[in-house]
Structures are given as C-alpha cells and as structure tokens.
Amino acid sequence: MPIIETQQLSKSFKVHTNSPANSLTGRIRRLFRDARTEIRALDSVSFKVERGEAVAYLGPNGAGKSTTIKLLCGILTPSVGTACVLGYTPWKERKSLVRHIGVVFGQRSQLLWDLPVKESFRFLATIYGLSKAEQHTNTRFISDLMDLDELLNKPVRELSLGQRVRCEVGAALLHQPEILLLDEPTIGLDLLVKDRVREGLRYLRKELGVTILLASHDFGDVEAICDRAILINNGLLRYDGGLEKLRSLTGPARTIEFTLEQSTPNLDLVLGGGPEVESEVTEDKLVIKFDSSKVTAQKIIAAVTASNGVTDFKIIEPRLEDAVRELYINPDLKELPKA
Amino acid sequence: MITGLLSILSISKAYLRARLLESTRHWLTLISGLFYPMVKALILIFLLQAVFHSAAGQQLPVSLNQVMQYIALATLLNTIIGFNNAFQIAERVKSGNVVFDLLRPWPWVSMMFGEYLGAKLAAVLFPIAAFLAISVGLGITLPLASYLQLLAMIPGIMLLDFCLTFIIGIATLWTQNTWGLGLAFGWIQMLFSGAMVPLILLPERLKAIAYWTPFPYLIDAPVSVALGLETLGRTVQNQLLWSGALLCLGLILYRAITKSLKVNGG
C-alpha cells in the first residue's frame, strides 16, 4: 500500500496581472480595476510512493515542486484532486499527519535565531509533545547523524549556512517522522556539508526505512539519495520512473574519449561510413559519439586501438542532468514514456 | 476544552522560556526592553501634570493623583498589549514562514495564541519591576484589592488583545500593505484604549464612540476598575463578549485565508 498517493492533484492561484501602466492615469485606473488571472501551479498530478522509497521530485523553477510538498503536508488545499499521506488527507487531517512527517525548506529556518540550537530542539520537542527521555534520545541520535555535537550550544545566528542546514535537518527529524519531505535541502552548501547531509539521509532511509521525497535542482543529491524520479514542468507530470531510464531518455548516445599518440587519427575503420557514429578531433583527443543500440563500445574501442596509438580512453555515460535538461526544453514532453 | 487549554499552556510555556532566554541573553537587551515603558510613563506623567497645572482653577472630572495612578497602571497594561502584534502575524504569513506554524500538530490559532501568551508573559515580567519602581518613586500606590482586581482582568485583556491583533493581522493580507492598516489600528487602539490619555478626559462624544468599540476594555475599563470608577463584573463581561464575537470573526477570516493561502517559492 502506497505511503503517499495523489490523484489528479491540482492547485490554482489567482494572481494580480501586472498590465503595463506607465502613465499616472493608467496606474490610477488600475487601482480600481483589480485584474486577476488564474495560474495553474499543479495540473492533475498523480503518483504513488511506497514506504521506504527515496523519490526525487524534479522540475524547473516554478514547476510546482514546492506547491506539491505544501499540499502533501496540508499547508495548502488543492483546487481539485485528492492526496493520501499515511492514510490521512493532508489538508483535512493536518494536525494528525504532521506528527509523522518531517519537512525541510532549504530557504527557510524553523530554528530560534538568537538561542542555542539545543533550545530550538527543546522548544520543538515541547511543541510535538515529546517526553524528556524521547527528547534526549532523539537529540543524541540527530547529533550523531548530522555531526551536531559542537553546534548544539551555539546560537543559531552564529552558525554558517552549512551548519545551520544540518541543524534544520536535525530539527525536522526530532519527532522521528516516517516521511521526510525535503525542499532543496542542500541549496548553497559546500561539497563536504552536502556529503554529510546525503550520508545522513541515506542512513535514515536504509536503516530506519524513512520515506524520502526530495525536491532539488542538485543532481548530486538526487543520484546519492534517490533511485526514482518524478518530473513535473508547468504543473504537469512529465516523467515518473527510475533514474536509469530517465538518463536514457535523451537517446542511446554514448561517448568515448580517446587520448592519442598522434594528432591525425585514422578514422576510416572507426566510422565505417555509418550514421550511428560521429567523431570530433581536438589536438590529441578523439571524441566518438555513438548509438549504443547499434554499435557496441567494445567494437569502437577495438577499432580505434587497432588503427591508432591510444594512450588512454574513457567512456562517458549520459548525465542525468542532460536528460532532465532535455525534458525541460523538449516541447514534445507529453510523448515521452511514463514508467 | 481543558485538554485544549492545557495544550495552549504548554505551547505558551515553551515560548515563555524561549522569549525569556532571548530577552536575558545580554544585560543591554534587558535594559532596552525596560527603557521604553519607563520613558513613556514618565513623559505621559509630566505631560499630564503640565496639563493639570495649566488648567488650574477649572473643574476636571478626575484629580491629578488619580491621573498619575491611571498612567502608571495604563503603562503597565500597555506593555502587555504592545503595539505591533498585528505586524508580526501579518509578516509571518506574508514572508511564508507561516509554513512552520502549519507544520505543528496544533490548530494555527492555538499556536498563535500560545505564542502570544508566552511572548507577552515574558515581555511583562521585567516591566512589572519597572512599574513598581516608578510607582514607589512617584508615591503612586494603590490598595492590594485594586491590584488583585487588575490581575483578575488580565486574562480578559490578553484574550481580547489577541483576538483584535489576530483579525488585523489576517486582514492586512488582503490589503497587501501591512503598515497602513497596522499603524492605523495601532493609533486607534492607543487613543480608544486609554493607553495615552484617560478616556474620562476625552470629549463626551469621543468617549461614547470609544465605548462602542472593544478597545476601552483593554486598558481604560480595567484601570477604572482598579481605581474604583468602574465595576469588575461589567468589565469582565464586556471583555468576554467582545472576545467571543471577535474570535468568531477571526475564525471565519482564518478559514477564508487558509483556502486562499499562497506560499510561493521554496
């Protein structure tokens, strides 16, 4: 049984239209004509997430990712459609649901700015009705998981961004949620802090079976934590499936980069006149792009090494972000398969 | 009902502790918190003393001593109701930080009220010391019964103040401009509550208008009770009636706002 399920989930907002009014009279007229237009932040989005899954929720800015997260935790009410999280309808049973979910908004803070981190944790423990023993045990666990020992006694305002985000993740975990909804949790963090956060999240999922829905633009996060992706654009669901399948959506193209002994490679054997292989020569590099469904990498490597002096080569797999970029800009996205 | 109240008290306790820790983190923070009500009380007392001296020989409805007592008590109560609560609620929603309030396992109104109680109790603890210092320094003393009556009206004052600021806080979301409505509300409250001048010194017509609003039950009526000019029962009854009516209105507005809530970006 899915732990999160949405059906035809839609959310529309009415926004003021900013019609150009350069003249004073135009501006005054606009004061009395309240022009509003409806925008669809989310349009009939349906998906399911099973317990213990880690799902990346992808999409360009303004695609509807944060709106979905806010709908799933009951902060917003949908215009149309339904959602069920842990058996609760979020916007109707918000108070019961939020005891079981943890949410991190990477650009907002729920910590008490002027007080030590441990005071924020103590405050949240009271709000969530944790006993002293639970508060102590959970703080200890979080501190170990996110390496917060030295930070607990520091006022939040004295923390670096990376330290603060680790504490934010900790704050979201204090009441031991079954589901973590993460909205760009590693935005602006350096590599080491990202690694720490990713490691912590992987542990939560693997060892404690916490379900993770991660909205992020960081493909490092996605590849480190998730094995499935849901992609939305302009409020519409564009893709739902495994990361490998998403990666291959740009086509079966692979690239092999050879470092050659001489600068004028013999390409006849490699290309063979077929359209499935393209080559590019730059100084001592030979870059070959090929259709892996028609030609194998082995055959190309064998052909190049047989007719050229090769000192090194590397196979470059299609990057996830290239596939996602393609999905963002491809006007025929609807034709793409859903897993 | 009792569980709900206990929940609100537990939220208040958490906020009280947090606010007390914040306000005592440095001695200058503490002093600056005391400075404003003391300066305000002293200025009002000297201003009204000047008014009384210039009106020497004229028949005034209250004595100078009663006005001094009024100002001291009104200043104390005004530290409870404050000035900018509506901004805090409105800014919370406008900035999007309301998302964290909505992630708590409590109704939003309870969260807000719990926070309000905790924050106000923390804010009023130290000014009480300042109030006592001013009162003793200026020889303004009241019988113990007056203080007890005042204490009995404080829950009503806080409930009424919360309802008012909650409504204004939500209403500013429709007006888009927090400052305009918030400041106008603040000044009307300051005048009609009696925080600035005892209502008894206002022209009769203005005083009548004031008493058609809930504002006098925040300061003027409770202080009048403490000074023996008004009855405790009638004041508490009016506090509760106004609070009930405003709470209903607040909940209607709250339902409307949660349906049209927009929290864009991140």
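Neither the backbone nor the side chain of A:Ser79 has a heavy atom closer than 4.5 Å to any heavy atom of chain B. Neither the backbone nor the side chain of A:Ile69 has a heavy atom closer than 4.5 Å to any heavy atom of chain B.
Rounding to the nearest 0.5 Å gives a distance of 4.5 Å between CG of A:Leu115 and CD of B:Glu22. Between the NZ atom of A:Lys95 and the CG atom of B:Leu103 there is a distance of 13.5 Å, given to the nearest 0.5 Å. Between atom CZ of residue A:Arg94 and atom CH2 of residue B:Trp106 there is a gap of 12.0 Å, rounded to the nearest 0.5 Å.
When the shell of 6.0 Å around CD of A:Glu150 is examined, it contains 12 or fewer heavy atoms from other residues, nucleotides or ligands.
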Verify side-chain contact (heavy atoms from CB on, under 4.5 Å) between B:Arg17 and A:Phe123, making sure each step is shown before the conclusion. CA-CA 9 Å; B:Arg17 182 188 156 81; A:Phe123 171 80; over 6 Å; no

Taking it one step at a time, do A:Arg108 and B:Val99 satisfy side-chain contact (heavy atoms from CB on, under 4.5 Å)? CA-CA 9 Å; A:Arg108 300 184 194 281; B:Val99 293; 3.9 Å; yes

Intermediate values then yes/no, side-chain contact (heavy atoms from CB on, under 4.5 Å), B:Arg104 and A:Gln110: CA-CA 11 Å; B:Arg104 310 296 178 225; A:Gln110 63 171 323; 2.8 Å; yes

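Ranked by heavy-atom pairs under 4.5 Å with chain B, the list A:Val103, A:Asp114, A:Leu112 is led by A:Asp114.
Side-chain atoms of B:Lys13 and A:Thr126, non-hydrogen and from C-beta on, never get closer than 4.5 Å to each other. Contact of the B:Pro105 side chain with the A:Ile127 side chain is registered, since non-hydrogen atoms from C-beta on lie closer than 4.5 Å.
The minimum heavy-atom distance linking A:Val98 with B:Leu102 is given by the pair CG1-O, 4.0 Å.
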